[in-house]
Number of protein chains: 2
Amino acid sequence: MTGTEVRPLRRDAQRNRERIIAAAREVFAARGFAATLDDVAHHAGVGVGTVYRRFPTKEALVEAVFSDRLEDLVTLAEESLAAPSAWDGLTGFLRRSARMHAVDRGLRDAALSMDEHHFVQAGEHIVPLVEQLMDRAHAEGTLRPDAGFRDFPIIMAMVTDLARHSAECRPDLFERYLELVIDGLRARPDNGSLGTEPSEADVRGVMRECVPPLESRRR
Amino acid sequence: MTGTEVRPLRRDAQRNRERIIAAAREVFAARGFAATLDDVAHHAGVGVGTVYRRFPTKEALVEAVFSDRLEDLVTLAEESLAAPSAWDGLTGFLRRSARMHAVDRGLRDAALSMDEHHFVQAGEHIVPLVEQLMDRAHAEGTLRPDAGFRDFPIIMAMVTDLARHSAECRPDLFERYLELVIDGLRARPDNGSLGTEPSEADVRGVMRECVPPLESRRR
DNA sequence: GCCGAAGTGGAGGATGTTCCTCAACTTCGG
DNA sequence: CCGAAGTTGAGGAACATCCTCCACTTCGGC
């Protein structure tokens, strides 16, 4: 009683589907979720209709392209947890994931949509890992105590936003300011005070605000 | 031979002009340069046509509203230069100007448009002041040597961008991350290295990218 | 080869946004 | 009182994006 007969695609259709996904990867990398399905279609050398036939909504395509890319972030976090020094693990993760987000704006948008339907799963994987990275650095005494794991996504949002704005002239400029932030994260006797930590809702709010809507007009 | 007869406005017209500027101040503060002249008109309780009669382009209105507001930044910088400690002067300027930009998004957009035609003058006033603030802190030994005055606008852009994204849920959230950056700016023996300083062109590029176009369709 | 089902293309309608004009009307003030 | 100055806001022009639709092409089992 499988309601869904999973008829395989015709050979040419399958080829086009793959072309579309490849094109989407490129286009989303360059323009993020703001990219148009028309854009993707042109890049794939395919009519718009074909894209809409294969992926009825932008969400569907985005999910197809990025659900596994997000797993890369998870493995990166796991690797970083294995670092001998907690500080190096944490800052390495910051640097490397920021670089990934800078190179692939679609990945950034996906990561910042983590509480959205499609990506919750990856989100649930990553959050505790980041939490651990922070905890270990706290325990080690290298990370300032008033920085919490909720600061992580906001720092990422802030820094990759800069990456977005400098993409045309200096795609690597964000690294400079990330280093500044990282140096600011170090535990020091005379650090200023950071004020109240953001709430879960604040984080969500900022993340949502940093990503293009991705909504469908269809109802 | 004054080609421009400066006929004074009729009383009611003058009143409307002022209403429009007041409304523009509010609307631009809330939505930045992205605000519409239609928006301004409604807020002023005036027809759109009236706005366009008084200010033929958005540029004209923006200039009327912000050219003196930018002077506030200049005086703030001058005050900060008078601070007894160079570090406190510099960081105070960072904090206070960031707060001004967070409260008034139009001011932010104006400040980030400093190389644009209208605001060059204010720009020419501020740049050397910021330079002095930095130099003094360098001389004092409190500011890390590898941070230059060109980092200032980029830090401001980055932090106020965050302010923009958190405006709805936590308008003050940017302060937390500004503190982080400020702590990162402190001279310390074991600071990481920042990499190459941005060029003048990089700064310009980022600033332009951070502000809505403000272009007119008219030619 | 043939033919029906599967697949394709891309012009174009629907919808939305912003800019700005203009012709009929209102108000001011000498 | 009347002409000049001012006002209004519907609506046209320009643009962007989404997505549909149907005449057409291609596949692949027979």
Side-chain angles (χ1 to χ4, degrees), chain A residues 4-24 27-28 30-64 106 109 211-219, chain B residues 4-24 27-28 30-65 105-106 109 211-219:
Chain A
T4 50
E5 292 277 338
V6 220
R7 199 106 75 74
L9 290 178
R10 228 167 64 178
R11 187 111 37 83
D12 55 338
Q14 181 57 33
R15 184 168 28 81
N16 276 343
R17 202 190 118 96
E18 274 150 24
R19 266 196 207 161
I20 288 168
I21 289 192
V27 172
F28 283 136
R31 307 222 290 121
F33 287 1
T36 296
L37 290 207
D38 295 50
D39 249 357
V40 173
H42 282 113
H43 251 74
V46 147
V48 213
T50 305
V51 175
Y52 279 97
R53 157 173 278 261
R54 245 8 111 206
F55 302 94
T57 66
K58 212 199 266 192
E59 275 98 331
L61 180 54
V62 160
E63 195 183 0
D109 288 349
V211 176
L214 193 64
E215 79 226 329
S216 168
R217 185 181 301 152
R218 204 192 282 151
R219 50 207 115 144
Chain B
T4 50
E5 292 278 339
V6 220
R7 200 107 73 74
L9 289 180
R10 227 166 67 176
R11 187 109 38 83
D12 56 337
Q14 181 57 33
R15 185 165 32 79
N16 275 345
R17 204 191 117 95
E18 274 150 25
R19 267 195 207 163
I20 288 169
I21 290 192
V27 172
F28 283 135
R31 307 223 291 123
F33 286 2
T36 298
L37 291 208
D38 295 49
D39 249 358
V40 174
H42 282 113
H43 251 74
V46 147
V48 213
T50 305
V51 176
Y52 281 96
R53 157 174 277 260
R54 245 10 109 203
F55 303 95
T57 66
K58 211 200 269 193
E59 275 96 331
L61 180 55
V62 159
E63 194 182 0
V65 170
R105 236 167 99 178
D109 288 349
V211 175
L214 193 64
E215 79 228 328
S216 169
R217 183 181 305 152
R218 205 191 282 152
R219 49 209 117 149

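Lettering of chains follows the sequences in order, A, B, ..., and the numbering in each one begins at 1. Basis for what follows: all heavy atoms, side chains included, without hydrogens, waters or symmetry-related copies.
If B/D12 and B/L37 are placed on DNA chain C by their nearest nucleotide, the residue sitting closer to the 5' end is B/L37. Nearest-nucleotide assignment on DNA chain D puts the 5′-proximal partner with A/R31, out of A/R15 and A/R31. Ranked by how close their nearest DNA chain C nucleotide is to the 5' end, B/G49 and B/T36 are led by B/T36.
With distances taken from any side-chain atom of B/A13 to the nucleotides C/dT21, D/dT7, C/dT8, the minimum falls on D/dT7. Nearest to the side chain of B/R11, among D/dG6, C/dG7, C/dG29, sits C/dG29. For A/T50, the side-chain atoms get nearest to C/dG9 when compared with the rest of C/dG9, C/dG7, C/dT21. Taking every side-chain heavy atom of B/R54 into account, D/dT7 is the closest of C/dG7, C/dC20, D/dT7.
One interatomic measurement links the two molecules: NE2 of A/H42 to P of D/dA16, which rounds to 14 Å at whole-angstrom precision. For the pair B/L9 CG and D/dA5 P, the interatomic distance rounds to 11 Å; values are reported in whole Å. If you measure from atom CG of A/D39 to atom P of D/dT17, you get 8 Å, rounded to the nearest angstrom. Between the P atom of D/dC19 and the CZ atom of A/R53 lies a distance of 16 Å, rounded to the nearest Å. The distance between atom CD of B/E59 and atom C1' of C/dC19, rounded to the nearest whole Å, is 12 Å. Between B/L214 atom CG and C/dC19 atom P the separation is 10 Å, expressed in whole Å. With rounding to whole Å, A/Q14 atom CD is found 11 Å from C/dT8 atom P.
Nucleotide D/dC27 is matched to C/dG4 when pairs are restricted to Watson-Crick or G-U wobble geometry with both distances under 3.5 angstrom.
Here the straight-line distance linking atom CZ of A/R53 with atom CG of A/N16 works out to 11.0 Å at 0.5 Å rounding. Residue B/Y52 holds its OH atom at 4.0 Å from CG of B/L37, rounded to the nearest 0.5 Å.
Judged by distance alone, the side chain of B/T57 and the main-chain N or O of B/A60 form a donor-acceptor pair under 3.5 Å.
In this structure, A/R10 does not reach the C/dT8 phosphate: none of its side-chain N or O atoms is under 4.0 Å from OP1 or OP2. Phosphate proximity of D/dG6 to B/N16: absent, as no side-chain N or O sits under 4.0 Å from OP1 or OP2.
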Self-check item: Working for side chain to side chain contact (heavy atoms under 4.5 Å, CB included), residues A/F55 and A/I21
Solution: CA-CA 10 Å; A/F55 302 94; A/I21 289 192; 3.9 Å; yes
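Side chains of B/L9 and B/R54 form a contact here, defined as non-hydrogen atoms less than 4.5 Å apart.
Contacts of A/D38 with the nucleic acid, taken as non-hydrogen atoms under 4.0 Å apart, include base atoms.
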